[in-house]
Each structure stands twice: as C-alpha cells, then as structure tokens.
There are 2 protein chains.
Amino acid sequence: MRASQMNFNSRIPVKMAFMVPIAALLVVTQAFAQGAAAPREIDVAPMPALVQMGSGSLPITAAFSVGITGQEERRLHRAVERLLRNLGEQTDEPIKTGIADPREATLVVHAEHVSQNVQAVGEDESYTLDVTSTGARIEAPTTLGALRGLQTFLQLVEITPKGFAAPITHVEDKPRFPWRGLMIDSARHFMPVELIERNLDAMEAVKLNVLHWHLSDNQGFRVESKVFPKLQALGSDGQFYTQTEIRDVIAYARDRGIRVVPEFDMPGHSTSWFVGYPQLASAPGPYAIERHFGIFDPAMDPTREQTYRFLDRFIGEMARLFPDAYFHIGGDEVNGKQWDANPNIQAFMKAHGIGNDRALQAYFTQRVEKLVAKHHKIMEGWDEILGADLPKDVVVQSWRGQSSLADAARSGYRGLLSFGYYLDLMWPASQHYAVDPMADGTATLTAEEASRILGAEACMWTEYVSPENFDFRVWPRAAAIAERLWSPESVQDVDSMYRRLGVLSWRLEANGLALSSAETMMLERAAGTTDITALRVLASAVEPVKGYMRYQLSRAEGIEPSNLDGLDRLVDCVPPESETAREFAEKVNQLAGEQFHDGEVEGALRAQLETWKENDPKLQPSLQDSALLYDARSLSAELSALGDAGLRALDYVDKGERAPQSWVTQELATLDAAVQPKANLLLVVAPPVRKLVVASAGGNAPPQ
Amino acid sequence: MRASQMNFNSRIPVKMAFMVPIAALLVVTQAFAQGAAAPREIDVAPMPALVQMGSGSLPITAAFSVGITGQEERRLHRAVERLLRNLGEQTDEPIKTGIADPREATLVVHAEHVSQNVQAVGEDESYTLDVTSTGARIEAPTTLGALRGLQTFLQLVEITPKGFAAPITHVEDKPRFPWRGLMIDSARHFMPVELIERNLDAMEAVKLNVLHWHLSDNQGFRVESKVFPKLQALGSDGQFYTQTEIRDVIAYARDRGIRVVPEFDMPGHSTSWFVGYPQLASAPGPYAIERHFGIFDPAMDPTREQTYRFLDRFIGEMARLFPDAYFHIGGDEVNGKQWDANPNIQAFMKAHGIGNDRALQAYFTQRVEKLVAKHHKIMEGWDEILGADLPKDVVVQSWRGQSSLADAARSGYRGLLSFGYYLDLMWPASQHYAVDPMADGTATLTAEEASRILGAEACMWTEYVSPENFDFRVWPRAAAIAERLWSPESVQDVDSMYRRLGVLSWRLEANGLALSSAETMMLERAAGTTDITALRVLASAVEPVKGYMRYQLSRAEGIEPSNLDGLDRLVDCVPPESETAREFAEKVNQLAGEQFHDGEVEGALRAQLETWKENDPKLQPSLQDSALLYDARSLSAELSALGDAGLRALDYVDKGERAPQSWVTQELATLDAAVQPKANLLLVVAPPVRKLVVASAGGNAPPQ
C-alpha cells in the first residue's frame with residue numbers, strides 16, 4: 001500500500017475496521033488446520049481487502065436462513081430479504097424470504113450502529129464475514145457495512161460438484177476510496193426509472209456508492225420542476241422524471257447504500273432550459289431541444305441578476321428534492337460564442353474588469369457556488385470550475401486526467417477522477433482497470449494533497465446508448481472500475497478480473513440486468529429471426545469503434561448524428577469488448593509461446609478459424625436482406641477470409657514450411673484492410689490472425 | 001380441401017367470409033400487373049388460407065398509424081394500441097400508440113359487427129387484409145376477425161434492405177377448425193399469472209383461441225374457492241389463483257379473442273381436494289398433497305350423495321367465475337383401487353347393478369354432467385367419459401388418438417384431438433405438424449360425423465416444466481400445432497414451417513416470452529458464469545429424452561421423481577428440439593445427395609465437426625465443478641469423439657479411400673454408445689455423424 005493511501009485512509013476514521021470476533025477466528029484457524037493448503041481464489045468482485053480461505057464449504061440449500069442481531073434498521077431487513085430472494089433465484093432452491101430467529105439462522109448479521117439518515121461521504125462501510133461449515137456471520141460497525149457484507153456473501157455462493165455452497169472463508173473488508181460512483185447521462189437518451197433501479201441493484205452488487213445523475217443537457221431537461229414547470233414541459237419531449245419518481249429512486253438507492261448526486265449542467269450544456277426560459281440565455285431565442293451532439297453555443301447569461309434569481313429558486317427546489325450533501329453544477333465545455341457576440345455581456349465584462357470568457361465563467365461559478373451553499377449543499381463541478389476561487393470544500397470532477405486532478409488537490413480542493421473511466425469510449429475492461437486515481441499526475445502529490453482525492457466515477461454518456469443496450473454497454477466493465485476503487489491497489493491480476501467478471505455478469509443478469517438477453521433480442525430484430533447462429537459468429541468477432549470515432553466517421557461522411565437516430569445496427573447489438581477475440585488472441589500467444597506445438601491449443605484455434613471461414617456463405621444472405629445489417633456485409637466476407645488465412649498459416653507452420661512471400665504479402669494486405677473500421681465496427685480478431693500469418697513467414701515465429 | 005372439412009366449414013356459418021373490397025382488389029391487381037412474378041412466401045404463422053403477393057412493399061416508419069372505422073369495441077382499440085406498441089418494439093421506430101383519424105391512418109381496421117359478449121365456439125374469425133404501397137386495410141365481419149387480421153399484419157412487417165416494411169399482399173383468411181387450444185397444467189407446477197398472460201399474448205399471435213386451464217390435480221388445487229376455502233388453503237401450498245386473478249386472466253384472454261375453459265379433474269387426479277375435504281374420497285384420510293407423478297389411488301366416492309352436493313355447490317361457484325360455455329371435468333385415469341377396497345362402494349354397486357369400475361365411473365360422469373348442465377355449462381372431458389350415456393352436446397377430448405376421437409364422433413359426440421399434440425413428450429415440431437385431426441382413425445368418418453370434430457388442443461403437462469423453462473418448452477412448437485389447426489390442410493411444407501417458426505420466435509420473444517433469454521440464464525446458472533460458449537456447443541447438440549423416458553429412467557434408478565426436485569440441470573436448460581442437429585443432418589443429407597462434392601456444404605460440416613472435436617477440453621472442467629452439469633460429462637466427451645469421427649470420415653471420402661473396416665467397426669461402436677440417453681439427454685447429432693462414417697466405409701455412400 002502506498003503512503004498516499006495510508007494517509008488517505010487515516011483521514012476517514014474507521015471506528016471498528018477489523019472487528020473479527022474471537023470465535024470466528026478460532027473456527028477459521030481450525031479450518032485452515034484441517035485444510036488443503038493454498039486454496040483457490042474466491043469469485044468475488046470487487047476483491048475484498050483481506051481474504052483467508054479454509055477448506056470445505058457451507059452448503060446452501062432450501063433451509064438457508066438469515067437472522068439479525070445488533071441494530072435494527074428497516075433497510076437491513078429489506079436487504080436481507082433481497083439477499084434471500086436473489087439467492088433463491090441464483091440457486092433455484094425454494095429459500096424462504098422471511099427473517100429467521102438468529103439462534104437458528106444459517107447466516108447471522110450483526111451491525112453495531114445504525115447508519116446516518118443521509119449517507120455521508122466516508123461513512124464506515126467496513127465489515128467482516130466469516131463462513132464456516134455450519135454457518136456464517138457478518139459483523140459491521142454500521143448497517144451500511146453490513147449491506148456490503150451481504151453482497152460479498154451472496155457472491156461467495158457458487159455451484160460446486162455437490163450443489164450450491166459458500167467456501168469456508170474469513171473476509172475483512174473496507175473500501176480504498178470513499179467515493180465510488182457511476183454517472184448516468186439521462187439527457188442524451190432518457191433512461192426509464194426501472195433501468196435506473198436495476199442499475200442501482202448492479203451498483204450495490206459491486207459496492208459502488210454514488211449514482212451521479214446527469215439530469216440536464218442540451219438534449220433534454222429530465223426532472224420535474226414545480227417552480228419552473230416549462231423546464232420539463234418544453235425541454236424534455238415528455239421524457240422526464242416526476243419528483244415522486246426521483247424520491248422513489250433516492251429511497252431505492254439509499255436501501256442499497258448508494259448516494260444520489262444530481263447534476264444540472266450550467267452555464268453551458270443548457271439549451272433544453274432555454275426552450276421554456278429563453279431569458280436565461282446569452283442570445284435571444286427561440287430555442288429548440290438540441291438533437292445533435294457536441295459543444296453548442298447556447299450558455300446562460302452570467303451578467304444578469306435574473307439568471308441568479310432563477311437559479312436561486314431552482315437550486316433551492318432541487319436541494320430540497322435531493323437530500324445528498326453534494327450538488328453538481330456541471331460547468332464544462334462553454335465555448336463562449338454567445339458571450340462574445342452579446343454587447344451587453346461584453347460591456348459588463350469591461351465594467352467589472354473581467355478579461356476573458358474563462359474569467360466570466362469563474363465569476364458565474366462563484367455566484368452559483370454561493371447559491372448552492374445557501375441551500376446547504378457542497379458544490380461539485382467538472383474541471384472547468386477550477387478557474388474560480390472557491391471555498392475549499394468544493395469537489396472537482398476531473399474528465400481531463402490525473403494532472404488536472406492533481407492541480408485541484410494542490411489548490412486545496414477535493415477531487416474525483418473520471419478521466420480513464422468513460423464507459424462510452426468502448427475501451428476494454430482491462431484498460432479501465434489499469435487506470436488508478438493515484439497514479440500518473442497524482443502520484444507526486446504530498447500525502448496531504450493526496451488525501452483530497454475522494455475517489456472516482458465511471459461515466460456513461462449516452463449519445464450512442466439507448467435503454468435497450470445501456471446495461472451491456474455499462475456492465476460488466478463498470479465492475480472493473482468498481483474493483484479499482486474498492487479493492488487494495490495491489491489487486492491487479494487482469495486474468496482473474498476477467499474470470500470474475502464472467503461470474504459476476506451472470507449474477508447481475510439473474511438479478512435483472514439486460515446483458516446477453518438484450519444482445520440476443522437486438523440481434524434477432526436485426527436478423528428478423530431467432531436463427532442467428534451465423535450472425536453471432538460475426539457479432540462475437542467485432543467490437544464497436546473506440547473513442548469518439550463513431551461520431552467522427554459519421555461527420556466525415558457528412559452525416560450529423562442525432563439522438564433521434566435508431567440505435568439498432570450491428571454496432572449497437574454487440575458488447576464493447578469481444579470475449580471471443582480476447583480468448584483467441586490469448587490462444588495465439590500461447591501457441592507462439594509453445595513454439596507452435598500444443599495440439600490442444602492449435603485444435604481450438606483451427607475450430608475457430610474454420611467456423612469463421614465457413615460463416616460468410618451462411619450469413620451473407622441475411623445481411624443483404626436487412627437494412628440494419630446491410631453495412632456489415634464486407635465485415636462478414638473479411639472474417640471468412642481471415643479464417644482461411646489463419647488456417648493456411650497454421651498449415652505452413654505444421655508442415656515446417658515457410659509460407660511463400662507472395663501469399664504472405666497478399667494476406668497482409670487483406671489483413672491491413674480488415675482492421676479498418678466498417679459499419680462502426682472493428683474486426684478485432686484480425687491482429688491475432690496477422691500474428692499467425694507473420695509467424696508462418698518465419699517472421700515473429702519463435703526460433704525453430 | 002377434403003369433403004369432411006367442406007362439411008365442417010358449412011356447419012359454422014361464415015357470414016362474410018370473403019369480403020374483399022373492390023378498391024383493394026384493384027390495387028392488388030395493379031401490383032401484380034407491375035410486378036416481378038412469383039414473389040416469395042410471406043413469413044406469417046399460421047399461414048393464411050389465401051395469400052396473393054404483389055411486388056413492392058409498404059414502408060413502416062415512425063409515422064405509421066392505425067385508424068378504426070365500422071364497429072367500435074373497446075377491445076379492438078386496445079388491440080390496436082397493443083399492435084402499435086409491439087410494432088414500435090419490433091422495429092425500434094418511435095411509433096405513437098394512439099388511435100389515428102382513419103382518413104389519415106396508414107392502416108384502417110373495419111369490423112362490421114361487434115363480437116358476442118362471451119366468445120362462442122365457431123364465432124366468425126375471418127378477415128381480409130390488403131397491403132398496398134401506400135396503406136393497408138383489414139376488413140372483418142366481426143371485431144374478433146379484426147383481431148386476427150391485426151396479428152397477420154404485425155407478422156407481415158419485416159426487415160428489408162431498405163428498412164422495415166410490409167410486403168404488398170392480399171390475404172383472405174379464416175380458420176380450418178373453430179376450437180384451437182393450448183392446455184396449461186398449473187397443478188404439477190404452479191404457473192404465475194404473468195406467465196399465463198405472456199402465453200396468452202403468444203397464443204393470440206398464432207391465432208389459438210382456447211386456453212384450457214388444468215387447475216386441479218393430485219399435486220395441487222390452484223383456484224380460490226370461497227365456498228370450500230380448504231381446497232386452496234390446504235391443497236395448494238399457497239400457490240393458487242385468487243378469483244380476482246382468474247377474472248383478470250379471463251379479461252386478458254377475451255381481449256385477445258381467447259376463451260378460457262377451466263378443468264377440474266374428477267373423480268381421479270383429485271388428491272389435493274381431499275387434503276381439506278377427505279370426506280369426498282373413497283378411502284379414509286388424512287390426505288397430503290401428492291409430490292410424485294403418475295396415476296394414484298385416491299378417487300372421489302361416486303356412491304355418496306354428499307359428493308354430489310359438494311360438487312353441485314363447487315361447480316356452481318366455478319360456473320359463475322368462468323363465463324365460457326364449456327366446463328371440463330377431466331375424468332381420466334381412475335385406477336379404481338379405492339373403489340374396489342371400499343365395502344360400501346361395493347355394496348352400492350351390487351345394489352344398483354353396476355358391474356365394474358368403468359360402469360361406476362359412467363354413473364359418476366352422468367351425475368356430474370347433470371350438475372354441469374344445471375349450472376348452464378356444456379360438459380367436456382377426456383376420452384374416459386365416453387363410457388357413459390351422455391347428452392350429445394358433450395365434448396370429448398381425446399388423448400388416446402384419432403380412433404378414440406372417431407368413436408366419439410360416431411356416437412354423436414363432438415370431439416377434440418390432443419393425442420399427438422402433447423408438448424411434454426419433447427417431440428420435434430415436425431412430428432406434431434404431421435398429426436392431423438382428420439387423419440388416421442377419423443379419416444373414415446362420414447361427413448356428418450367428421451363435422452363433429454371441433455378441433456384440437458396442444459397440451460403442456462408440467463411434471464418436468466417450471467415457470468423458468470415453460471415458455472421455451474411450449475414455444476415455438478405450439479405454433480406448429482396452431483398452424484395445423486388454422487391453416488388449410490394443404491399447408492404442409494416442413495422447411496417453410498421451420499423457417500417461419502424462427503421468424504415467429506423472435507417476435508414472440510420481443511413480445512415478452514422467455515425463450516433464448518431463459519435458456520441463457522439457466523445455462524449461466526448451471527455454469528456459474530456468462531462464459532458459456534463451450535457449454536452452448538454441447539447444449540445445442542443435445543435434446544431431452546422423448547416421451548416418458550425421463551420418468552422411466554428415474555424410476556429404473558430407484559428415484560421417484562417429485563415436483564419438489566429442482567428443474568435446473570442441463571436437460572432443463574435446452575429446448576426440446578436442436579436447431580443445430582436439424583441443420584447438421586440436413587447438410588449431411590445434402591452432401592450425400594451431391595455425392596460428397598459440395599465444397600461449401602462440406603466446409604460448413606467440417607467447421608461444425610471441428611468445433612465439437614475441440615469442445616470437450618474447454619468444457620470438461622466446468623462440468624466437473626457443477627452439480628447441475630456433472631452428469632453431462634460423458635456427453636461432452638462423446639461429442640468430441642463424434643466430431644473427430646466425422647472429420648476422419650470426410651477425410652476418407654475426400655481422398656476417395658474406403659475407410660478401414662477396423663476403424664469403422666470401432667467408430668460405429670462408439671456411435672452406438674453415444675445414442676444412449678445420458679443425463680436425460682440424447683446426443684442427437686450422432687445419427688448424422690453415423691451416416692458420414694457409414695458413407696466413408698462405402699456403405700450408404702452414393703455410387704462413385
């Protein structure tokens with residue numbers, strides 16, 4: 001553990017961090033004494049801070065029950081009932097969902113103190129969990145910690161050769177960072193309440209504790225305001241959350257130990273406000289809801305007092321609606337064009353010695369911060385708010401990177417990292433997993449400065465995400481980030497992470513997320529049939545283009561993307577990361593490591609290559625017939641060509657022949673074409689096939 | 001069309017069967033005049049009676065709308081709104097769900113008359129549907145026919161190279177049989193209301209019009225009785241439908257043009273009644289809810305007047321709850337043991353000249369029929385009620401076959417076929433499809449007798465079916481039976497049927513059925529991860545054992561199956577019919593037909609065989625780790641062996657060599673072992689692989 005974190009942890013007082021009951025320790029010791037040494041890893045994500053495994057397990061049958069001792073808190077009861085329900089679904093055992101007498105219960109949950117009424121940043125989430133062959137026990141300083149322990153217990157239950165069971169284990173656990181968030185953008189595409197709720201379930205499963213809810217942007221204003229009803233009436237196409245729904249979501253989140261921080265983006269990203277209230281803007285209206293994506297000119301007028309009177313009343317209303325101590329005002333990406341073009345604003349700047357747009361935004365931010373504080377909230381904003389001189393309790397969320405985050409910390413502000421955690425960029429989980437809030441720019445912070453890094457948030461911007469594919473765009477990758485934020489920094493094994501994400505994903509899906517079921521549905525729609533075996537072969541070999549390339553490719557073709565466009569093409573049906581490609585690449589590397597002599601690995605590669613090779617004739621007709629798949633025709637042909645190239649390469653290697661240069665040249669040209677994006681997709685199996693072709697030419701092949 | 005049917009149809013007056021408006025015909029004629037001749041088949045199931053296809057299509061966009069002229073009936077409005085919602089989901093177009101002004105609507109629905117308050121057997125279901133390049137029109141004598149037309153229209157909408165569209169078509173349609181049912185057994189495993197409702201949606205899609213609801217059996221009494229509350233209180237484990245729920249389901253069904261016929265099985269299959277009311281039984285209690293399957297001794301005492309007093313009040317209560325004209329009293333499988341052992345019953349029989357148990361049941365049936373008639377219902381029962389002399393309006397449901405059905409018809413009773421339509425037997429869809437109510441035993445009926453065959457019912461008995469896998473156990477196979485009952489007898493193309501079932505299945509799944517999503521969830525549970533690629537390879541190559549073999553295999557192993565057993569093994573996760581096996585077998589036949597010289601077909605076969613061959617090493621560890629998959633270990637190994645055998649066989653054929661006899665002998669022995677059931681599964685890809693091996697030996701191979 002790094003010094004910075006030691007310090008970090010020390011500023012969040014952990015009252016009873018390692019409260020291991022003597023009895024439990026004795027049992028664990030005994031288990032280890034009996035046991036086969038070095039038991040395998042548990043399949044829990046995020047990985048707890050300390051895990052000691054015994055040998056043997058606690059069988060989970062229909063008789064499983066949970067009792068509660070210690071503090072009574074209704075949400076703990078509900079959490080236990082939820083655990084029992086989930087366990088019943090996951091094991092298909094008819095487990096009863098009532099709370100049992102703790103003297104007879106299989107699992108006893110003991111919380112020493114009740115939680116705070118409104119969950120605070122840094123509230124104790126620690127717990128210990130002991131599983132023996134006859135029962136289990138969770139102990140925690142607070143009910144919040146007990147909730148975390150319940151999720152760990154649920155994930156311990158696994159299928160074994162003898163039925164469902166939880167391995168004998170001793171767990172001591174607490175989070176590395178106190179602020180572990182997921183940002184959901186409900187503005188670009190509106191996300192229904194049931195989607196938010198099932199994602200809160202998933203967040204609870206991986207111990208994320210903040211829903212950062214991006215509720216307004218150019219493309220929509222998504223909350224009912226009773227004070228300014230034209231915000232939602234004219235700014236949302238009818239797609240907004242009522243205040244009752246907001247309260248329900250907040251209660252739902254609190255039940256799961258999750259804070260809800262609302263974001264109302266200002267002074268930019270605010271076109272939707274101006275449809276109903278054009279007087280807020282820096283240029284005359286009328287305004288219409290924005291359908292396109294990018295940075296737009298409309299911005300609030302920071303020079304008129306009526307803007308602040310409006311915001312005072314608005315923030316007051318929302319501060320009452322959202323109980324959390326923090327209030328996010330956005331503050332990002334103001335291009336200043338409306339300000340530059342408005343003579344009144346220019347005159348105001350001159351009169352007040354405000355030299356540029358940056359300074360004008362700083363003035364706005366300071367004014368808004370006072371309003372936020374007046375309504376008893378702590379302000380949060382994106383990097384750009386840093387331009388202003390603000391009270392030191394303000395939290396800066398960095399989308400620009402650790403250096404920007406470090407700047408904030410050095411200036412005395414607290415900060416959150418989001419750079420590197422943008423789920424809309426379609427990175428593989430491993431890439432997010434490698435990002436650490438305390439690395440790179442922040443690595444050189446003093447201990448005190450480092451202690452200001454509260455944590456981080458995964459962000460899902462929804463320009464290209466609909467309610468249909470939201471879940472599989474976010475999960476399981478968000479869980480890799482959740483592990484980075486909860487688990488000790490030393491937890492770094494990428495293979496283990498992927499393996500555990502596979503286990504976690506089925507639990508999340510059993511718990512209501514639309515992962516593979518949604519992919520299947522969308523593929524079936526595109527094909528118009530359930531007979532999608534060949535389509536799946538192609539779908540599993542591609543990934544959506546990365547970063548902002550989809551947007552750029554559209555614009556390069558002269559098409560301005562819009563949130564009215566359907567998200568129902570092949571690119572929308574496939575997950576961000578191809579499991580097939582990852583496994584295929586791994587096998588190619590294994591084979592190379594084995595000097596191309598592992599029959600089993602080669603056999604598996606050949607089966608895969610053969611499947612690709614034979615796929616195009618089967619698939620091509622249905623691609624031709626479907627407007628949703630039409631642009632994937634050449635990808636399918638290329639996949640078959642890749643299959644053929646890989647098989648021939650293996651043939652040369654097997655025969656000990658060097659592949660003829662003419663063939664190699666031709667195949668490499670084909671492969672170069674294959675890695676170009678098509679239909680906003682990348683044929684991600686091309687690079688490992690390239691490796692086979694190069695090896696067959698004696699190129700990177702290991703010495704014979 | 002056969003004479004028998006002509007007669008059949010003539011007894012159901014079709015008021016306006018072929019009401020094609022002149023305008024529509026002109027348009028169709030025009031379309032054909034323009035068009036490319038012989039357009040392809042439409043993807044609708046069941047296939048309408050008459051389809052004329054034009055060229056071109058009606059684009060379906062967000063602007064699509066529906067207007068209603070003619071009769072106003074609330075359920076027609078709701079059906080249109082449902083159509084619009086389903087269409088929006090299936091096309092991902094933001095289609096508005098309100099009813100449009102018919103002058104501006106894309107589709108106009110016109111019904112001449114409202115429907116009857118309680119849907120009658122033989123009520124007119126005919127309609128015509130015309131799709132032109134600018135709009136569509138449904139005309140029907142009744143709103144019931146309009147509902148049928150809406151479902152045809154919905155199924156016409158398909159993805160095309162230019163987006164979603166409905167082909168230009170003229171359809172004239174009406175059912176072949178007036179009674180087209182699905183029986184759901186809610187007794188052996190209780191099926192929740194939402195499952196019943198989503199299955200009613202699926203029934204509507206394929207124009208089935210009767211839900212025959214098997215509501216009581218030895219294993220449970222599933223309806224709330226207010227008169228005899230101990231029926232559900234002691235006979236259901238708390239798993240029963242309240243009367244409010246029953247009314248909701250009936251209204252839900254009526255909205256979809258579906259009658260609900262309740263079945264309360266008596267005098268046998270009635271143990272659950274006796275838990276609360278042992279005085280009804282023929283032997284003293286106490287009784288417990290039966291957990292096992294089969295034919296059991298408990299039967300009502302037909303000799304005591306109190307039995308009939310009870311049934312009078314009970315049937316009266318249920319006759320008020322269920323508005324349908326028909327009331328099913330079961331009547332099947334009484335073994336008579338309790339009767340034989342009861343001296344009072346024996347004395348009664350002697351006193352009344354009742355010579356045997358069959359005669360005693362006839363006496364009971366006659367008494368019960370009078371009670372049913374007293375409460376204004378027409379009695380229905382299984383074959384066994386035929387023993388009694390009954391009024392001629394009684395309907396006999398035949399589980400024994402067409403001969404039994406023909407006997408009923410010759411005796412003047414009306415009848416329904418269920419033999420050949422038992423979905424729990426795990427037959428392939430093609431096998432059910434080949435069964436015809438008017439074939440075999442019924443083929444020799446006179447026209448008048450034949451006219452008594454009202455139709456048929458698919459039956460799903462649920463000994464081995466849970467709410468988790470119910471949908472994919474029933475669908476899409478039930479749709480093959482629905483087509484047999486709706487479409488003209490001449491509709492017989494099995495390949496077309498399978499292709500259209502694939503299209504239908506995605507629509508059903510988009511509409512809420514748990515088909516592939518449920519399979520995936522169950523496979524993931526069994527594997528404990530979403531990484532189930534290798535498990536899917538095995539799962540797609542097997543089918544559950546057929547007929548009653550699962551029950552027989554259990555008992556042969558000394559295990560008495562129970563409805564408390566989990567249904568979560570591999571056999572429970574796989575659909576009744578393997579698409580992969582069917583397609584593989586087809587390709588083997590194609591290759592044989594091509595004298596083994598079709599490179600594309602052979603390539604596809606090799607890819608599949610290679611995948612199987614390489615699968616076991618990948619899959620075996622997770623089979624070993626899971627109690628739910630453990631017994632499938634040898635299947636996995638055998639599948640790999642099959643893959644290897646098939647590849648070698650193709651090698652011999654390709655080289656023009658005759659495979660060595662020793663190898664062939666050995667492989668055939670392996671194949672013989674592979675076709676034996678294991679883990680209640682059949683490796684259904686073994687027979688086509690066997691064909692390859694035999695061909696490689698020069699056996700059944702075509703002459704070179």
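Heavy-atom distances place the side chain of A:Glu468, and not its backbone, under 4.5 Å from chain B. In this structure, chain B has no heavy atom under 4.5 Å from any part of A:Gln608. Heavy atoms closer than 4.5 Å to chain A are found in the side chain of B:Glu583, but not in its backbone. Only the backbone of A:Gln624 comes within contact range of chain B, with at least one heavy atom under 4.5 Å from a heavy atom of that chain. Residue B:Ala514 does not touch chain A at all, counting heavy-atom pairs closer than 4.5 Å.
When each of A:Pro161, A:Ala607, A:Ser540 is scored by its heavy-atom pairs under 4.5 Å with chain B, the top score falls to A:Pro161. Highest contact tally toward chain B, considering only A:Pro476, A:Ser466, A:Ser505, A:Ser517, is held by A:Ser505 [criterion: heavy-atom pairs under 4.5 Å]. Options A:Leu628, A:Asp92, A:Val503, A:Leu508 differ in how many heavy-atom pairs under 4.5 Å they form with chain B, and the most are formed by A:Asp92. The residue among A:Lys162, A:Glu600, A:Lys618, A:Arg606 with the most heavy atom pairs within less than 4.5 Å of chain B is A:Glu600. Most heavy-atom pairs under 4.5 Å with chain A: of the set B:Met521, B:Met522, B:Glu89, B:Glu579, this distinction falls to B:Met521.
The cationic group of A:Arg500 does not satisfy the cation-pi geometry with A:Tyr498, failing either the under 6.0 Å distance to the six-membered ring centre or the 45° limit from the ring axis. Geometric assessment of A:Arg582 against the ring of A:Phe584 yields a negative cation-pi assignment under the 6.0 Å and 45° thresholds.
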### Query
Can you list the steps and then say if B:Thr520 with B:Arg536 is a side chain to side chain donor-acceptor pair (under 3.5 Å)?
CA-CA 9 Å; B:Thr520 300; B:Arg536 272 192 201 283; 3.0 Å; yes

### Task
Decide yes or no on side chain to side chain donor-acceptor pair (under 3.5 Å) for B:Arg507 and B:Gln90, but give the supporting numbers first.
CA-CA 7 Å; B:Arg507 292 186 198 277; B:Gln90 291 182 17; 3.0 Å; yes

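When side chains are defined from C-beta on, B:Ile60 does not count as touching B:Glu93, because their heavy atoms never get closer than 4.5 Å. Counting heavy atoms from C-beta outward, A:Thr160 and B:Asp625 have side chains that stay 4.5 Å or more apart. Using a 4.5 Å heavy-atom cutoff, the side chains of B:Phe164 and B:Glu158 are not in contact. In this structure, the side chains of A:Val601 and A:Val588 stay at 4.5 Å or more apart for every pair of heavy atoms.
Comment: B:Asp644 engages B:Arg648 in a salt bridge, judged by a side-chain N to carboxylate O separation of less than 4.0 angstrom. Ion pairing between A:Glu41 and A:Arg499 holds under the 4.0 Å rule for side-chain N and carboxylate O.
When atom types are taken as modelled, the side chain of B:Arg477 and the backbone of B:Val474 share no donor-acceptor pair closer than 3.5 angstrom.
Below 4.5 Å, heavy atoms of chain A meet heavy atoms from B:Gly566, B:Leu567, B:Asp568, all part of residues 562-574 of chain B. Contacts with chain A (heavy atom to heavy atom, under 4.5 Å) involve these residues of residues 609-617 of chain B, listed by number: B:Glu610, B:Thr611, B:Glu614, B:Pro617.
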Per-pair distances, 0.1 Å, donor-acceptor, side chain in residues 527-535 of chain A, under 3.5 Å, sequence neighbours excluded:
residue, atom, partner, partner atom, Å
A:Thr529, OG1, A:Asp531, N, 3.0
A:Thr529, OG1, B:Gly502, O, 3.2
A:Thr530, OG1, B:Gly502, O, 3.1

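Here the closest heavy-atom approach between residue A:Phe472 and residue A:Pro576 is recorded as O-CD, 3.3 Å.
Residues satisfying the side chain to side chain contact (heavy atoms under 4.5 Å, CB included) criterion with B:Ser578, sequence neighbours excluded, are B:Glu543, B:Thr580, B:Ala581, B:Val684.
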